[in-house]
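First comes the structure, then the notes that go with it.
Just so it is clear, the model here is predicted, and its values are computed rather than measured. In what follows, chains are A, B, ... by sequence order, proteins preceding strands, each numbered from 1. All heavy atoms count here, side chains included; hydrogens, waters and symmetry mates do not.
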Protein chains: 2
Amino acid sequence: MPPPPPNPASIDFAALNLLRVVHELGSFTAAAEKLNVNQSAVSYTIAKLRACFQDPLFVREGGRQVATERCEDILARSLQMLGMLDEMLQPDAFEPGQATQNVTIACNYYERMLMIPGIVSAIRRHAPGMTVKVISSLGDGHLRLLRREADVLIGPFARAESGFHSRRLYSEEYACLMDAAHPLAGARLDADTYLSLNHVLIDYGAGWQSAYLRELEAAGHRLLPTITTPSPAGLGTLISGSDLVATIPRRLGEGNFEDLRVTDCPFPGAFDVSLVWAAHTNASAMHRWLRDLIWTACRG
Amino acid sequence: MPPPPPNPASIDFAALNLLRVVHELGSFTAAAEKLNVNQSAVSYTIAKLRACFQDPLFVREGGRQVATERCEDILARSLQMLGMLDEMLQPDAFEPGQATQNVTIACNYYERMLMIPGIVSAIRRHAPGMTVKVISSLGDGHLRLLRREADVLIGPFARAESGFHSRRLYSEEYACLMDAAHPLAGARLDADTYLSLNHVLIDYGAGWQSAYLRELEAAGHRLLPTITTPSPAGLGTLISGSDLVATIPRRLGEGNFEDLRVTDCPFPGAFDVSLVWAAHTNASAMHRWLRDLIWTACRG
DNA sequence: GATTGAGCATCAAATTATTTGATGGGAGTT
DNA sequence: AACTCCCATCAAATAATTTGATGCTCAATC
């Protein structure tokens, strides 16, 4: 009753390497010494390969083990595969100076105004061969991460569920933006005064509710906007020289509008701006580098 | 005390295949079912690969195991290698009609006259894309096999030592070739009569001694040649219209010289013409085919 | 031809690696 | 919160590999 043939799937890289060494030294005994194993271990492994490949692989010629024609073919591929394994085992290295990859950042208007210029500038400085793509994140930022459409997501999101990682960049709050000549510019606003103003409401769409709206509604109020706009873009022109008031993130107001004034809002709706990424990019050297760079650029 | 990292050389093709199936199904449990193993065997193998490659390889996203960036790289190479193993496991097939290889036959004058035309014709008929090279074998035919300079050797050689295989094609003997008008043409020659003739001796060189010379010397005789020549080439012209006698293999004499006659030699020096090849080509499909073709062509 | 030594094949015992089956913790859904 | 699914981990069982001993084959030498 002969033993069943060995399963070829059980051939490992050690066996392929043993084949290489036997071929190189033309002797099982010498190969055993070089590999620091017993001679019979070499016999066992060659016997296994002989059975798998249905070929003697080595034959005695003039006192040496000489490879068969078929063994030469098998050996050529084995050498290839051993090289491939070596490459696979190299640590995931990332050299910014040599890199040519594209990175895709999902974010919205706020980040595009306040953060992307600094981030892009830093990327170009440290990794001049890389390219950057900025895509919208509203409503489906997390899906974009999962679908590998984006490498990172930046915004007021901090999902704790599995599959994502996040890192808080900084805290942010809402403030009132109005013309410097507005009678209440710089004054301390109570809730009633605030609610009686002529508000410009930014409706981001996709059911998004800003944190300050949630806070004032939780306090039992309702904001009746005078004007509704889909984006902060063009807000400065709209408010300048008027009695309109827009409630926007403080950092977006400060330093971005010349004749306008930023005043505390009685419903600041504090929130965190975070960097979010999918778990499958967490261990990647390039992604780690990118995240560190974004962290530095936004905290710098 | 952590366990030592596994040796990457112990990664086998089963592990690479398991990586493929987990990736495809996005689930350890589903992969286990498909592969007909226990779920914990999948965990064990993935854990081993994780340790070897220093990467989580799969992370949970939305209830599925999703590959990391590094896993995608490793998987691409794994698929390549699995394909390579499949190719390596294919039986050594040889299609004469599609083949384009060269075959090299080592032999000498006798074989070039009597056998090579038929062999070449058969090769061209069955494997029209193949090429044939004929090289001299005198003195070092066996070395040419060992050095892979020749695929087969044909001649009066039958080495029994290890490293070679041989197959007898047919038996041959020496006979006397003389002019048809020679007074002893067709007569039965005794030893003294034979030895008194005017002999043409073919001295092949390299210390080669023909079997009939060995036989007559073993019987205590010595042949004194009238003429010595290094090759049977041109022998017909030399002997025609003369009283010279050449002792050559019977088949070489018969049918090759018009006005000449072949007569039995009292020292026939019987020998075998064999096909010889090195052990390392023994299992090769192409070589087997070639040997069978030569056998058929010579035994016609 | 006989002898000797080298080297491969094979065996049983020892060791290591892998697989099985049980269990519990984590994640997702209701 | 309860329930279910799935992966991680554990100990025991099983399989594969390695060790060390032995014998057979081959090549070299006398």
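Sorted by first then second residue, the salt bridge (Lys or Arg N to Asp or Glu O under 4.0 Å) pairs that include residues 20-30 of chain B, not counting sequence neighbours, are B/Arg20-B/Glu24, B/Glu24-B/Lys34. Applying the side-chain hydrogen bond (donor to acceptor under 3.5 Å, both in side chains) test to residues at least two apart or on different chains, the pairs with a partner in residues 83-93 of chain A are A/Glu87-B/Arg77.
With sequence neighbours excluded, the residues that form a side-chain hydrogen bond (donor to acceptor under 3.5 Å, both in side chains) with A/Ser137 are A/Asn108. Residues that satisfy the ring pair (Phe, Tyr, Trp, His ring centres under 6.0 Å) test with B/Phe271, not counting sequence neighbours, are B/Tyr174. Legend: residues meeting salt bridge (Lys or Arg N to Asp or Glu O under 4.0 Å) with A/Glu33, ordered by chain and number and at least two apart, are absent. Listed by chain and residue number, A/Asp272 satisfy the salt bridge (Lys or Arg N to Asp or Glu O under 4.0 Å) test with A/Arg168 (two or more places apart in sequence, or in another chain). Among residues two or more places apart in sequence or in another chain, the side-chain hydrogen bond (donor to acceptor under 3.5 Å, both in side chains) test is passed with A/His23 by A/Glu72. By the salt bridge (Lys or Arg N to Asp or Glu O under 4.0 Å) test, B/Arg291 pairs with no residue at all, sequence neighbours left out.
The stretch residues 50-59 of chain B has no heavy atom under 4.0 angstrom from DNA chain C at all. Of all the residues in residues 13-32 of chain B, B/Ser27, B/Phe28, B/Thr29 reach under 4.0 Å from DNA chain D with at least one non-hydrogen atom. Using a 4.0 Å cut-off on heavy atoms, the residues of residues 37-49 of chain B that approach DNA chain D are B/Gln39, B/Ser40, B/Ser43, listed by number.
For the pair B/Asn7 CG and D/dT18 C1', the interatomic distance rounds to 14 Å; values are reported in whole Å. What separates CD of B/Gln65 from P of C/dG28 is a distance of 11 Å, to the nearest Å. Protein atom CZ of B/Arg64 is 15 Å distant from nucleotide atom C1' of D/dC7, rounded to whole Å. Regarding A/Ile11, its CD1 atom lies at a distance of 14 Å from the P atom of D/dA16, rounded to whole Å. Between the CG atom of B/Asp12 and the P atom of C/dT18 there is a distance of 7 Å, given to the nearest Å. For the pair B/Leu35 CG and C/dT20 P, the interatomic distance rounds to 11 Å; values are reported in whole Å.
Residues A/Asn282 and A/His287 have side chains that never bring a donor and an acceptor to within less than 3.5 angstrom of each other. For the 3.5 Å distance criterion, the side chains of B/Asp12 and A/Ser10 fail to qualify, holding no donor opposite an acceptor.
Comparing the end axes of the helix from C/dG1-D/dC30 to C/dT30-D/dA1, each fitted to five base pairs by superposing C1' atoms of four pairs onto the next four, gives an inter-axis angle of 40° (nearest 10 degrees).
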Under the ring-ring contact (aromatic ring centres under 6.0 Å, His included) rule, what do B/His280 and A/Phe58 come out as? Steps first, then yes or no, please. CA-CA 7 Å; B/His280 66 250; A/Phe58 294 102; over 10 Å; no
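Two residues are said to be in side-chain contact when any heavy atoms from C-beta on lie closer than 4.5 Å; B/Leu19 and B/Ile46 meet this criterion. Residues A/Phe94 and A/Gln101 form a side-chain contact, since some pair of their non-hydrogen atoms from C-beta on lies under 4.5 Å apart.
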